[in-house]
S.K.: 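The structure is given below, and queries will be raised subsequently.
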2 protein chains.
Amino acid sequence: MPEFLVGELVRQRMGALSASERRLAQVLLAFYPVAGLENLTRFAERAGVSPATVTRFITKLGLRGYPEFQDSLRQELQERLSSPLTRYELTATADSSGSTLHDAFATHEHSLRASVDMVSEHDFDAVVDLLADPRRRVLSLGGRVSAFLARYLASQLHLIRPGVELIDPERSNPADHLVDLGRRDILVVFDYRRYQSDTINSAKVAAGRGSTVVLVTDPWLSPAAASARFVLVTGVQTTVTPFDSMVSAVALTEALIAGVLARLGETAHARMRRMDELRGGVVYGDGP
Amino acid sequence: MPEFLVGELVRQRMGALSASERRLAQVLLAFYPVAGLENLTRFAERAGVSPATVTRFITKLGLRGYPEFQDSLRQELQERLSSPLTRYELTATADSSGSTLHDAFATHEHSLRASVDMVSEHDFDAVVDLLADPRRRVLSLGGRVSAFLARYLASQLHLIRPGVELIDPERSNPADHLVDLGRRDILVVFDYRRYQSDTINSAKVAAGRGSTVVLVTDPWLSPAAASARFVLVTGVQTTVTPFDSMVSAVALTEALIAGVLARLGETAHARMRRMDELRGGVVYGDGP
DNA sequence: TACAAACTGTAAGAATCGTTTCAATGCCTG
DNA sequence: CAGGCATTGAAACGATTCTTACAGTTTGTA
């Protein structure tokens with residue numbers, strides 16, 4: 001029976017995993033450890049991969065098989081649950097401390113923290129590389145809730161590199177943008193519950209045309225994951241609202257932009273200066 | 001999937017159980033819920049009873065069978081583990097800096113933390129009250145960078161109350177919306193550096209027509225503050241990018257929405273249900 | 001473009017798991 | 001003490017679950 005924590009192990013090996021395996025890792029970390037305590041088939045389904053991939057994944061972690069994997073998780077869980085502190089945490093009931101404002105921000109902070117683990121660093125870097133490649137076109141698309149994220153990405157990315165387009169289903173038919181997608185193009189899809197069929201479909205079409213599909217989604221994974229080359233997962237925790245929180249998604253988007261900017265360096269800055277001149281807004285204040 | 005907690009259920013039925021069954025109950029409660037997450041045979045062994053007794057025990061609890069029993073335990077566990085506080089305890093890892101991703105998220109976290117102090121609780125509550133008043137119209141407007149925030153607010157608020165409009169300078173002239181603004185109307189303006197003259201102007205016009213202007217801006221305050229009845233400030237800290245971070249702004253926006261939702265209660269929920277029916281998206285997965 | 005290597009899913013088989021049946025045992029009651 | 005009822009475990013069956021072998025696909029490279 002292994003001594004180490006499975007979660008740690010997964011994070012360590014993340015780099016050595018294949019795309020599907022990484023998807024499993026993400027789901028596991030997002031719903032840790034419960035996802036791994038379900039049976040192999042269900043775990044596979046949650047991540048949208050085949051059962052065989054799960055077995056390979058487990059083997060790569062250095063474990064003998066799925067049963068041993070589950071044993072480790074259970075043992076680990078037992079230890080955590082019996083630590084006095086956690087014990088308290090688990091027993092403590094929902095503490096509605098005070099104001100909506102404070103509660104909301106506290107939740108957002110936790111959500112952010114949790115998200116860092118959910119995003120695969122490997123995938124993140126790979127996506128930044130893609131987005132920083134000036135020869136590739138970038139299309140950005142979102143569902144009903146996440147449309148604003150697509151917009152945000154497109155508008156900011158547009159400032160630092162050419163070839164960025166927003167697909168706005170409210171304004172034009174996505175199909176118009178999808179027809180001439182090619183092998184060099186990137187489609188960034190934002191899809192958070194409740195997942196939309198047209199978004200999922202767009203991803204499928206793009207993948208079918210050989211484009212690279214990047215999906216940004218919640219831990220339950222939009223079905224569009226099936227068509228995606230890279231899946232970036234962010235937490236959406238909310239305690240108070242039926243709505244998911246998009247804070248982590250925005251954080252991720254900004255991180256992507258920062259990454260691309262860092263990679264493009266002076267080229268991007270030059271472009272930004274030019275854009276600035278063309279626009280010429282009013283500039284008050286003097287920030288740092 | 002049962003609503004109750006299995007542990008509670010067991011304690012309740014304790015009296016109605018036979019000797020062997022009670023041993024099972026004790027083991028389960030002593031190692032809760034891990035004991036029940038092992039397979040039936042092992043659970044039986046731990047309690048020193050036969051597998052058949054386990055099945056009978058489960059049945060007596062009113063559950064359909066061992067798999068359903070485990071499902072309940074897992075679901076329950078998941079819910080407990082995702083309480084923000086616990087989440088923090090369980091997730092906290094050695095944060096090794098270096099990568100863009102980690103740096104970005106760390107910054108965002110600080111930004112969030114700082115923002116809580118910048119927002120005036122009093123103003124926040126007042127704004128929530130305003131936005132929750134169904135007799136008032138709400139117009140949402142943003143600058144170049146912050147347009148997506150205006151969109152986000154409008155789309156979410158639209159779900160929970162009528163009379164919400166987005167002013168989209170890209171699509172139509174803001175003036176068209178402003179002409180018939182009245183004393184009862186609210187204009188929510190998002191303006192982050194670099195401040196735009198047309199946004200500032202819209203705020204001025206609205207204020208002039210007697211509408212209540214709410215401004216969401218950065219710590220340097222958009223000049224639109226002059227026309228605003230309420231000003232909500234959020235942090236924008238960034239270390240790596242020339243761009244400001246909108247994470248806190250999103251957090252604030254969501255907090256506003258949560259606040260309004262809380263105030264409107266059932267009315268809002270009813271509206272949401274209706275909207276949902278009319279839209280009818282694809283729903284995969286089953287969130288917590 | 002063609003080839004090799006890596007990846008992934010399908011499907012079949014092996015192993016494990018959960019349920020049910022039935023007989024044995026213990027316990028209370030008449 | 002005998003009869004009946006509740007309780008329990010052994011064992012066999014059927015269902016599920018995990019593993020493995022193989023083939024199709026994709027990806028990267030010469």
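Protein chains get the first letters and strands the later ones, always in sequence-line order, with residue 1 at the start of each.
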S.K.: Once you round it to whole Å, what is the distance between P of dT7(D) and CZ of Arg22(B)?
M.R.: 10 Å
S.K.: Rounded to whole angstrom units, what separation is found between the OH atom of Tyr66(B) and the C1' atom of dT16(C)?
M.R.: 14 Å
S.K.: Which pairs, with at least one residue in residues 205-218 of chain A and sequence neighbours excluded, count as a side chain to side chain donor-acceptor pair (under 3.5 Å)?
M.R.: Tyr195(A)-Asp218(A)
S.K.: Sort me out a list of protein N/O and nucleotides 7-11 of chain C N/O pairs below 3.5 Å, or just none if empty.
M.R.:
| from | atom 1 | to | atom 2 | distance (Å) |
| --- | --- | --- | --- | --- |
| dT8(C) | OP1 | Ser20(A) | N | 2.9 |
| dT8(C) | OP1 | Ser20(A) | OG | 2.9 |
| dT8(C) | OP2 | Ser18(A) | OG | 2.2 |
| dT8(C) | O5' | Ser20(A) | OG | 3.3 |
| dG9(C) | OP2 | Ser50(A) | N | 3.2 |
| dG9(C) | OP2 | Ser50(A) | OG | 3.2 |
| dG9(C) | OP2 | Thr53(A) | OG1 | 2.9 |
| dG9(C) | N7 | Arg56(A) | NH2 | 3.1 |
| dG9(C) | O6 | Arg56(A) | NH1 | 3.2 |

S.K.: Can you tell me how far P of dT16(C) sits from CG of Asp71(A), to the nearest Å?
M.R.: 13 Å
S.K.: Could you tell me how far apart Asn39(B) (CG) and dT16(C) (P) are, to the nearest whole angstrom?
M.R.: 11 Å
S.K.: Using atom CD of Gln70(A) as one end and atom C1' of dT17(D) as the other, report the distance to the nearest whole Å.
M.R.: 10 Å
S.K.: Report, as a single string ordered 5' to 3', how protein heavy atoms within less than 4.0 Å touch nucleotides 24-30 of chain D: B base, S sugar-phosphate only, - not at all.
M.R.: ---SS--
S.K.: Examine distances only and state if a side-chain atom of Arg161(A) and a backbone atom of Leu131(A) form a donor-acceptor pair shorter than 3.5 Å.
M.R.: yes
S.K.: Could you pull out all residues at least two apart from Ala270(A) that satisfy side chain to side chain contact (heavy atoms under 4.5 Å, CB included)?
M.R.: Glu266(A), Arg273(A), Arg274(A)
S.K.: Between Thr55(A) and dT19(D), is there a side-chain N or O to OP1/OP2 distance below 4.0 Å?
M.R.: yes
S.K.: What residues form a side chain to side chain contact (heavy atoms under 4.5 Å, CB included) with Arg171(A), not counting sequence neighbours?
M.R.: Arg151(A), Asp168(A), Arg151(B), Asp168(B), Glu170(B), Arg171(B)
S.K.: With sequence neighbours excluded, tell me which residues meet side chain to side chain contact (heavy atoms under 4.5 Å, CB included) with Ser146(A).
M.R.: Leu149(A), Phe190(A), Tyr192(A)
S.K.: Mind checking ring pair (Phe, Tyr, Trp, His ring centres under 6.0 Å) for Phe148(A) and listing every partner two or more places apart, or none if nothing turns up?
M.R.: Phe148(B), Tyr152(B)
S.K.: Can you list, pair by pair, the side-chain donor-acceptor contacts under 3.5 Å of residues 50-59 of chain A, counting residues two or more places apart and other chains?
M.R.:
| from | atom 1 | to | atom 2 | distance (Å) |
| --- | --- | --- | --- | --- |
| Ser50(A) | OG | Thr53(A) | OG1 | 3.2 |
| Thr59(A) | OG1 | Thr55(A) | O | 2.7 |

S.K.: Whole angstroms only, please: what is the CG-P distance between Leu40(B) and dA15(D)?
M.R.: 17 Å
S.K.: Without decimals, in angstroms, what is the distance between Arg42(A) CZ and dC18(D) C1'?
M.R.: 15 Å
S.K.: Given atom CD of Glu45(A) and atom C1' of dT17(D), what is their separation to the nearest angstrom?
M.R.: 12 Å
S.K.: Taking side chain to side chain contact (heavy atoms under 4.5 Å, CB included) as the test, write out the residues that go with Arg46(A), two or more places apart.
M.R.: Val27(A), Phe31(A), Val34(A), Ala35(A), Glu38(A)
S.K.: Determine the sole option in Val213(A), Leu139(A), Ile167(A) for which the side-chain contact (heavy atoms from CB on, under 4.5 Å) test with Val189(A) is passed.
M.R.: Val213(A)
